[in-house]
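Presented below is the structure to which this report refers.
No hydrogens, no waters, no symmetry mates; every other heavy atom, side chains included, goes into these values. Proteins come first, then strands; the chains are lettered A, B, ... in the order of their sequence lines, and each starts at number 1. Quantities reported herein were computed from a predicted structural model and do not represent experimental measurements.
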Protein chains: 2
Amino acid sequence: MTPSRKPARRKPAPSRSAAEQEALRATAFRTSRRHNAAETEEDYVELIDDLIRERGEARSVDMAQRLGVSHVTVAKTIRRLRDKELIQYEPYRAIFLTPKGKSLAERCRGRHQQVVDFLTALGVSTRAAEVDAEGIEHHVSAETLDAMRRFTRERRKGS
Amino acid sequence: MTPSRKPARRKPAPSRSAAEQEALRATAFRTSRRHNAAETEEDYVELIDDLIRERGEARSVDMAQRLGVSHVTVAKTIRRLRDKELIQYEPYRAIFLTPKGKSLAERCRGRHQQVVDFLTALGVSTRAAEVDAEGIEHHVSAETLDAMRRFTRERRKGS
DNA sequence: CATAAAGTTTAGCCGAGGTTACATTATCAT
DNA sequence: ATGATAATGTAACCTCGGCTAAACTTTATG
Ligand SMILES: [Mn+2]
Ligand SMILES: [Mn+2]
Ligand SMILES: [Mn+2]
Ligand SMILES: [Mn+2]
């Protein structure tokens with residue numbers, strides 16, 4: 001079971017097209033990591049917008065509940081979002097979106113709904129669509145979102 | 001522009017069905033976070049498997065290149081994966097998958113390909129499909145993956 | 001065979017995002 | 001009015017996944 005001793009130097013460089021292929025791979029991984037990094041702020045502003053619509057205001061205790069996270073995590077995160085000028089709040093008070101935050105929230109809300117609608121049109125149950133969309137939404141390019149929209153529209157018409 | 005002073009206490013609890021809705025939301029967020037946490041190890045074992053197929057062995061320098069990350073990041077991560085018994089290696093030597101790691105890698109490879117094929121069948125370009133799939137693959141439930149597979153098969157047949 | 005180059009490891013730093021325990025403040029009820 | 005309770009904040013800790021700099025090992029080469 002001991003791994004056989006292999007040379008430390010790498011094999012000779014791959015062909016030209018293979019090198020391009022490598023670069024594309026790296027781009028894919030990098031892009032995915034960038035999307036993951038944006039996930040928190042996207043979900044937070046979307047949630048704040050939801051809460052304001054549903055209950056008139058966004059309180060951190062409700063955010064913690066919906067996110068399934070402790071209130072301390074919410075406290076630390078909203079401080080970062082305030083530094084980024086996406087939200088605004090004062091101690092012991094409700095949370096508000098800045099214009100910048102509101103605009104991001106609306107883009108995220110729309111995209112979220114589009115992904116959910118697409119998965120549903122594809123035949124996925126409501127529950128699974130809602131759960132999967134929460135992750136998928138952060139990784140759909142404009143091109144993919146467009147293709148999803150077309151499919152949803154056609155499927156709706158065709159039924 | 002100062003936010004109006006609002007009461008600190010939250011609004012009265014929502015109705016029964018609304019509470020269930022809250023729980024589902026929390027589940028969606030939690031699931032998405034769990035999938036994000038699994039992303040690194042899934043991508044690493046898949047990549048190691050790819051490299052072994054393509055070049056006969058997996059070296060950390062090649063992994064760093066493909067992942068678009070420093071070789072030190074790879075070193076730290078593979079130590080974790082070894083602790084989890086997904087991979088095996090000795091100092092200055094190539095990296096091997098344990099049976100557990102190999103099995104995970106094969107599941108991930110298959111899922112990755114299915115997502116790429118699905119996006120392509122949907123009309124997304126090869127480049128965008130490859131990039132988006134790298135993130136989406138970690139968030140597709142069995143149910144969604146199944147729906148994707150059905151769609152891909154039908155579209156292939158129908159063309 | 002000596003040494004340069006390539007690859008790997010180690011040490012130490014950082015920010016994000018999670019936690020528990022405890023302190024503080026604002027609202028509600030008596 | 002005041003005291004209990006709910007909400008918010010703060011301190012201290014953790015892991016993960018990035019990084020740079022520097023040391024070390026292995027392989028290749030003159
Ligand atoms: Mn989300
Ligand atoms: Mn969302
Ligand atoms: Mn991936
Ligand atoms: Mn993949």
Any base atoms under 4.0 Å from [X], or only sugar-phosphate, or nothing? Heavy atoms, all strands.
X	value
A:T77	nothing
B:T73	base
A:V69	sugar-phosphate
B:S70	base

[X] side chain: which of [options] is closest?
X	options	value
B:V61	D:dT27, D:dG9, C:dG7	C:dG7
A:R93	C:dT27, D:dT10, C:dT10	C:dT27
A:K76	C:dT19, D:dT10, C:dT9	C:dT19

Taking for each residue the nucleotide of DNA chain D bearing the nearest heavy atom, is the 5' side occupied by A:V72 or by A:R33? A:V72

Between [N] atom [atom2] and [X] atom [atom1], what is the distance in whole Å?
X	N	atom1	atom2	answer
A:R34	D:dG18	CZ	P	14 Å
A:H35	C:dA16	NE2	P	18 Å
A:E39	C:dA16	CD	C1'	12 Å
A:R79	C:dG15	CZ	C1'	13 Å
B:E90	D:dC24	CD	P	21 Å
A:Q65	D:dT8	CD	C1'	16 Å
B:M63	C:dT8	CE	P	10 Å
A:E57	C:dA26	CD	P	15 Å

Once hydrogens and angles are ignored, does a donor-acceptor distance under 3.5 Å link the base of C:dT24 to the side chain of A:Y92? yes

Can you check whether any acceptor in the base of D:dG9 is under 3.5 Å from a donor in the side chain of A:H71, or vice versa?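 Flag set: donor-acceptor pair detected.
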
Exercise: do A:S103 and A:R107 side chains pair donor with acceptor under 3.5 Å: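 Indeed, the side chains of A:S103 and A:R107 share at least one donor-acceptor pair under 3.5 Å.
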
Please determine whether a side-chain nitrogen of the Lys or Arg among B:D146 and B:R149 lies less than 4.0 Å from a carboxylate oxygen of the Asp or Glu. yes

Electrostatic pair B:E42:B:R111 at N-O distance under 4.0 angstrom: yes

Where is the tightest heavy-atom contact between B:V116 and B:A133, given as atom of each residue plus distance? CG2-CB, 3.5 Å

A:I95 versus A:I48, closest heavy-atom pair with distance: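 Residues A:I95 and A:I48, closest heavy atoms: CG2-CD1, 3.8 Å.
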
C:dT8 phosphate, OP1 or OP2, under 4.0 Å from B:R59 side-chain N/O: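 For B:R59, the contact criterion (side-chain N or O under 4.0 Å from OP1 or OP2 of C:dT8) is met.
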
